[in-house]
K.L.:
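Take this structure, written in structure tokens, and hold onto it; I'll ask about it next.
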Amino acid sequence: MNFSSARQYFYQEIQQPDEHIDLVKAALYIAQEEYPHLDLEEYLNAFETMALELQERLPDSPYPMRVIQTINQYLYNDLGFAGNKADYYDPRNSFLNDVIDRRLGIPITLALVYMEVSRRIDFPMVGVGMPGHFLIRPNIAEMEVFVDAFNGGEILFAQDCQDKLSQMFQQPVELKPEYLATVSHRQLLARILTNLKFIHLKKQDLEKSLAAVERILLLFPGVSLELRDRGLIYYQLGYYPQAADDLQTYLAKVPDAEDSGAIRRLLAELGR
């Protein structure tokens with residue numbers, strides 16, 4: 001598939017109600033812009049195979065903690081999935097096909113693998129967008145247990161999450177309820193794309209950064225910060241009319257933004 005067809009399929013997938021979005025397909029469509037000849041069926045079949053193998057290992061008594069331990073044993077011990085701590089910002093960590101092939105990923109892509117395998121064995125889990133990290137938890141009412149897919153499926157409770165936050169930010173952090181809120185399918189996909197956006201910006205690969213922003217805006221049209229960033233990337237790429245349009249829209253949405261002065265100066269330079 002070429003670039004345009006991958007984007008088109010991604011767009012079609014995310015037009016569905018959030019809970020009906022197939023996360024594996026959507027994530028593979030993201031990867032397909034990087035790998036135009038990627039065979040989706042190969043990776044969809046990989047998930048089905050993992051689920052079948054895992055099903056055979058499940059305990060007779062389906063207590064949630066025992067199921068989690070069985071999933072952990074299978075994904076991390078048997079298959080060798082792991083967090084890529086040596087090269088966290090390798091873009092391959094954000095492409096689902098690479099994560100499956102290399103058995104390496106970042107919190108959100110490993111969480112996606114874990115969630116999708118779990119869903120196929122009728123043990124649904126949901127994503128938790130903790131600041132600076134990404135966790136999952138069983139979709140079971142009143143069960144406050146979290147799983148860290150990046151760290152071998154480590155099982156965490158609320159106090160552990162607070163400790164992890166304080167460790168990451170190197171200061172005491174109060175664990176607010178919103179820090180452990182579940183994320184929608186669109187939010188999860190946007191987070192993958194945001195990772196790619198910043199990885200490519202750091203490498204000064206503006207075309208790929210632009211592609212990531214464009215898909216975030218397909219998920220969440222009109223988000224002011226993404227419009228601003230697309231405008232700035234357009235400017236750097238020399239697409240001046242498009243840059244001016246986005247930056248004007250950004251200012252109209254957020255006229256008192258902290259960077260409004262700099263944006264107005266840039267618009268004046270562009271003759272707007």
K.L.:
For a side-chain hydrogen bond (donor to acceptor under 3.5 Å, both in side chains) check, start with the C-alpha distance between Q167 and Q170, then their side-chain angles and the critical distance, and finish with the verdict.
P.N.:
CA-CA 5 Å; Q167 181 181 6; Q170 298 184 329; over 6 Å; no

K.L.:
S260 versus V254: any side-chain heavy-atom pair under 4.5 Å?
P.N.:
no

K.L.:
Tell me whether the NZ or CZ atom of R103 lies within the 45° cone about the ring axis of F81 and under 6.0 Å from its centre.
P.N.:
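That pair qualifies as a cation-pi contact.
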
K.L.:
Determine whether I30 and L193 make a side-chain contact, defined as any pair of heavy atoms from C-beta on separated by less than 4.5 Å.
P.N.:
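A side-chain contact exists here, since the closest heavy-atom pair is under 4.5 Å.
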
K.L.:
Can you tell me if CD on E19 sees more than 12 non-hydrogen neighbours from other groups inside 6.0 Å?
P.N.:
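Yes, enclosed.
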
K.L.:
Would the distance check show the side chain of Q242 and the main-chain N or O of Y234 forming a donor-acceptor pair, the cut-off being under 3.5 Å?
P.N.:
no

K.L.:
Give me the atom names and distance for the closest heavy-atom approach of F146 to A158.
P.N.:
CE1-N, 4.4 Å

K.L.:
Determine whether N93 and D98 make a side-chain contact, defined as any pair of heavy atoms from C-beta on separated by less than 4.5 Å.
P.N.:
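Result no, sub-4.5 Å side-chain heavy-atom pair not found.
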
K.L.:
Test side-chain contact (heavy atoms from CB on, under 4.5 Å) on F123 and N139; report intermediate values, then the result.
P.N.:
CA-CA 8 Å; F123 187 74; N139 195 12; over 6 Å; no

K.L.:
Heavy-atom count around Q15 CD within 6.0 Å, excluding the residue itself: above 12?
P.N.:
yes

K.L.:
Looking at side-chain heavy atoms only, is the closest gap between P64 and I140 below 4.5 Å?
P.N.:
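Side-chain contact under 4.5 Å: yes.
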
K.L.:
Can you check whether I106 reaches D90 side chain to side chain, under 4.5 Å on heavy atoms?
P.N.:
no

K.L.:
Answer yes if L217 and Y250 sit in the same cluster of Ile, Leu, Val, Met, Phe, Trp and Tyr residues linked by side chain heavy atoms under 4.5 Å apart, and no otherwise.
P.N.:
no

K.L.:
Could you tell me whether the side chain of T70 and the main chain of L58 form a donor-acceptor pair under 3.5 Å?
P.N.:
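The answer is no, because no donor-acceptor pair under 3.5 Å joins these two groups.
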
K.L.:
Where do R66 and S61 come nearest, in terms of heavy atoms and distance?
P.N.:
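That closest heavy-atom pairing would be NH1-CB, 3.7 Å.
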
K.L.:
Working to the nearest 0.5 Å, report the span between CG of L218 and CD of E226.
P.N.:
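The CG atom of L218 sits 11.5 Å away from the CD atom of E226.
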
K.L.:
Which pair of non-hydrogen atoms, one from L206 and one from Q236, has the smallest distance, and what is that distance?
P.N.:
CD1-CB, 3.6 Å

K.L.:
What's the spacing between D78 CG and M50 CE if we round to 0.5 Å?
P.N.:
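Between D78 CG and M50 CE, I get 12.5 Å after rounding to 0.5 Å.
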
K.L.:
Just wondering, more than 12 heavy atoms not from Y11 lying within 6.0 Å of its OH?
P.N.:
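No, not enclosed.
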
K.L.:
Once rounded to the nearest 0.5 Å, what's the spacing between atom CG of L267 and atom CD of Q248?
P.N.:
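Answer for the CG-CD pair, L267 versus Q248, is 5.5 Å.
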
K.L.:
Is the closest basic N to carboxylate O distance between D87 and R92 below 4.0 Å?
P.N.:
no

K.L.:
Check for a donor-acceptor pair, side chain of Q16 on one end and backbone N or O of E13 on the other, with a separation under 3.5 Å.
P.N.:
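The answer is yes, because a donor-acceptor pair under 3.5 Å joins these two groups.
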
K.L.:
Any non-hydrogen side-chain atom of M143 less than 4.5 Å from a side-chain atom of R137?
P.N.:
no

K.L.:
Applying side-chain contact (heavy atoms from CB on, under 4.5 Å) to L247 and L232, what does each step give before you reach the verdict?
P.N.:
CA-CA 8 Å; L247 295 175; L232 293 172; 4.3 Å; yes

K.L.:
When you look at I68 and I155, which way does the side-chain contact (heavy atoms from CB on, under 4.5 Å) test go after all the steps?
P.N.:
CA-CA 9 Å; I68 291 171; I155 295 169; 3.9 Å; yes

K.L.:
C161 and L156: which non-hydrogen atoms are nearest, and at how many Å?
P.N.:
SG-CB, 4.2 Å

K.L.:
Are side-chain heavy atoms of M130 and K164 found at a separation under 4.5 Å?
P.N.:
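Side chain of M130 against side chain of K164, heavy atoms only: contact under 4.5 Å found.
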
K.L.:
Are Y9 and Y29 close enough that their ring centers fall under 6.0 Å?
P.N.:
yes

K.L.:
Which pair of non-hydrogen atoms, one from F157 and one from E144, has the smallest distance, and what is that distance?
P.N.:
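Heavy atoms only, the tightest pair is CD2-O, 3.7 Å.
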
K.L.:
Quick one, M168 with L165, criterion side-chain contact (heavy atoms from CB on, under 4.5 Å). Give me CA distance, side-chain angles, the key distance, then yes/no.
P.N.:
CA-CA 5 Å; M168 283 190 300; L165 275 173; 3.8 Å; yes

K.L.:
Are the side chains of F220 and Q187 in touch, meaning some heavy atoms are under 4.5 Å apart?
P.N.:
yes

K.L.:
With rounding to the nearest 0.5 angstrom, report the CD1 to OG distance, I192 to S94.
P.N.:
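OG of S94 is found 7.0 Å from CD1 of I192.
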
K.L.:
Can you tell me if N151 uses its side chain to pair, donor with acceptor, with the backbone of E154 under 3.5 Å?
P.N.:
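Checked: no pair found.
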
K.L.:
Which pair of heavy atoms, one from I21 and one from I14, lies closest together, and at what distance?
P.N.:
CD1-CA, 4.0 Å

K.L.:
Atom CG in D148, atom CG in L110: separation rounded to 0.5 Å?
P.N.:
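That separation rounds to 9.5 Å.
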
K.L.:
Any carboxylate oxygen within less than 4.0 angstrom of a Lys/Arg side-chain nitrogen, looking at K208 and E33?
P.N.:
no

K.L.:
Step by step, would you call H185 with D22 a side-chain hydrogen bond (donor to acceptor under 3.5 Å, both in side chains)?
P.N.:
CA-CA 9 Å; H185 287 186; D22 187 318; over 6 Å; no

K.L.:
Using only atom types and a distance under 3.5 Å, with no angle test, would you say the side chain of T49 pairs donor to acceptor with the backbone of N45?
P.N.:
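A pair under 3.5 Å: yes.
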
K.L.:
Would the number of heavy atoms belonging to other residues, nucleotides or ligands and lying under 6.0 Å from OH of Y89 be above 12?
P.N.:
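Result for OH/Y89: open.
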
K.L.:
Apply the test side-chain hydrogen bond (donor to acceptor under 3.5 Å, both in side chains) to residues Y43 and D101: give CA-CA distance (whole Å), side-chain angles for both, the deciding distance (0.1 Å), then the verdict.
P.N.:
CA-CA 9 Å; Y43 294 96; D101 290 342; 2.7 Å; yes

K.L.:
Can you measure from CG (L44) to CD (E42) and round to the nearest 0.5 angstrom?
P.N.:
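CD of E42 is found 10.0 Å from CG of L44.
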
K.L.:
With a 3.5 Å cut-off and no angle check, do the side chains of Y239 and D245 form a donor-acceptor pair?
P.N.:
no

K.L.:
Cut-off 3.5 Å, no hydrogens considered: what does the side-chain donor-acceptor table look like for residues 111-121, sequence neighbours left out?
P.N.:
{"from": "Y114", "atom 1": "OH", "to": "N72", "atom 2": "OD1", "distance (Å)": "2.7"}
{"from": "E116", "atom 1": "OE1", "to": "R119", "atom 2": "NE", "distance (Å)": "3.2"}
{"from": "E116", "atom 1": "OE1", "to": "R119", "atom 2": "NH2", "distance (Å)": "2.8"}
{"from": "E116", "atom 1": "OE1", "to": "R120", "atom 2": "NH1", "distance (Å)": "2.8"}
{"from": "S118", "atom 1": "OG", "to": "Y114", "atom 2": "O", "distance (Å)": "2.7"}
{"from": "R120", "atom 1": "NE", "to": "E48", "atom 2": "OE2", "distance (Å)": "3.0"}
{"from": "R120", "atom 1": "NH1", "to": "E116", "atom 2": "O", "distance (Å)": "3.1"}

K.L.:
Check whether more than 12 heavy atoms from other residues, nucleotides or ligands sit under 6.0 Å from atom CG of D122, and answer yes or no.
P.N.:
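It does not: D122 CG has 12 such atoms or fewer within range.
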
K.L.:
Does CD belonging to Q159 count more than 12 external heavy atoms closer than 6.0 Å?
P.N.:
yes

K.L.:
With hydrophobic residues grouped by side-chain heavy-atom distances under 4.5 Å, do I136 and M65 end up in a single group?
P.N.:
yes

K.L.:
According to side chain to side chain donor-acceptor pair (under 3.5 Å), who are the partners of R230, at least two apart in sequence or on a separate chain?
P.N.:
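By the side chain to side chain donor-acceptor pair (under 3.5 Å) rule, R230 matches D246.
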
K.L.:
Could you work out, with ring pair (Phe, Tyr, Trp, His ring centres under 6.0 Å) as the rule, every residue matching Y240, not counting sequence neighbours?
P.N.:
Y235

